[in-house]
Colleague: 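Okay, handing you the structure first.
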Amino acid sequence: MEKKALQTALVHSDYTPPEGFAAFPAAIHHASTILFKNVAALRSGDWKEKNAYTYGLHGTPTTFTLEARIAEIEGGERCLLAPSGLAAIAMIDFAVLKTGDDILLPDNIYNPNRVLGNWLQEAFNITARYYDPMIGAGIAQMIQPNTKLIWTEAPGSVSMEVPDLRAICAAAKEKGVLVALDNTWSAGLALRPFELGVDISMQALTKYQSGGSDVLMGAVITRDRELHEKIANSHMRLGLGVGADDAYLVMRGLPTMKLRFEAHDAGALKVAAWLKQRPEISRMLHPAFEDCPGHEVWKRDFTGAGGLFSVLFDARFSEEQTDRFVDSLRLFKIGYSWGGANSLCIPYRIQAMRRNWQDGGTLVRFYIGLEDPADLIADIEQALARM
Ligand SMILES: *Cc1c(COP(=O)(O)O)cnc(C)c1O
């Protein structure tokens, strides 16, 4: 290269590091612009084929690597990343729905998914109808000719009913309707969605995959190539790129995810077993306990449970009292989301969230972190005493 002006040298460099560098972490590639060798390479690039690089939005070696890893863990073929779990949900809806279509959602779906469904109905003339999460094969009676997508979540957010995915998927398949699963609770470890007949699996990587309470990301995993392409179009049209540093943070959590999940699971079982025998608690909404609707389905389809469960306080306790219980906790912090090392607790007004909720009493959701379960139990015990 000829001699450059200092200003040009500040912008351009001919240096390339030596070949042959190897290390365990995936490299972090930051890029909006991706460079082409020549115009022919520019013209031949197809952003949908993940064997070439075209623009930062469509992927770098960092995001391609995370996508491949998540697809493999979930038991799928292809994966697309989105900047949050909720963005992944929206990417699915916009990929497969159009005006005049109908979607079915379980009454216990992750609430922002419900807000999105209701917005699709108001703004795009797509009907969003809600079904009892325990409906099983009965979903067949709800499917209309214009039903295009059935959302499922296993177990459902907050109230934790475990749906019969096999029965729902079989009924959907018979009528040619797609089934999407929000598989965040199981982290893709304790439930194998594609073996049950699910078409689209979605993960909030924000939770166990990251494990750090420090990053938002979502993933959509499929096996069918045509379906993947539809979702890839949605990914592109909505511009759902993710940052390389965030992808790195999620990848950093993967090697320890199963060990963490099993520790959360064991801790949650201990805390839940202790809570269950307390007179203040009327129902244990943890899929591994018989109180939980769908417990038998959980035993059949799942290999674990992780750290998230809910309880119902006996109706003799007022909301003021259960709020005092939550405020009195010291190790458990109050906050949304979960999947990190710290235990969390949140009260929900479940009667206002569900159409046919029968039980009285306040629902409180626990997320069991990686603290010693004995200390968590002691914390709950002192908070119950203050209630
Ligand atoms: C957290 C969560 C989401 C959304 O993930 P974000 O990254 O927070 O947008 C979706 N579904 C379930 C079941 C979740 O727990």
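These numbers were taken from a predicted model, which means no experiment stands behind them. Numbering of ligands and ligand atoms starts at 1, following listing order.
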Colleague: Can you tell whether the side chains of Asp314 and Arg316 come within less than 4.0 Å, N to carboxylate O?
Modeller: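 A salt bridge links Asp314 with Arg316.
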Colleague: Should Lys98 and Asp101 count as an ion pair when the cut-off is N to O under 4.0 Å?
Modeller: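 Looking at Lys98 and Asp101, the cut-off is met.
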Colleague: Among pairs that include at least one residue of residues 63-84, which meet salt bridge (charged side-chain N to carboxylate O under 4.0 Å, His left out), considering only residues two or more places apart or in two chains?
Modeller: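 Counting only pairs at least two positions apart or across chains, the salt bridge (charged side-chain N to carboxylate O under 4.0 Å, His left out) contacts touching residues 63-84 are Lys50-Glu67.
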Colleague: Taking non-hydrogen atoms within less than 4.0 Å of ligand 1, which protein residues qualify?
Modeller: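 Close residues (ligand 1, cut-off 4.0 Å): Ser84, Gly85, Leu86, Tyr110, Glu153, Ser157, Asp182, Thr184, Met202, Ala204, Thr206, Lys207, Leu216, Trp338.
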Colleague: Does the side chain of Asp102 pick up a donor-acceptor pair with the side chain of Thr147 at under 3.5 Å?
Modeller: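 Yes - a donor-acceptor pair under 3.5 Å links their side chains.
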Colleague: When the aromatic ring centroids of His264 and Tyr367 are compared, is their separation below 6.0 Å?
Modeller: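 Distance test on ring centres: under 6.0 Å, yes.
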Colleague: Is Arg114 paired with Asp107 through a side-chain N to carboxylate O contact shorter than 4.0 Å?
Modeller: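 Answer for the salt bridge query: yes.
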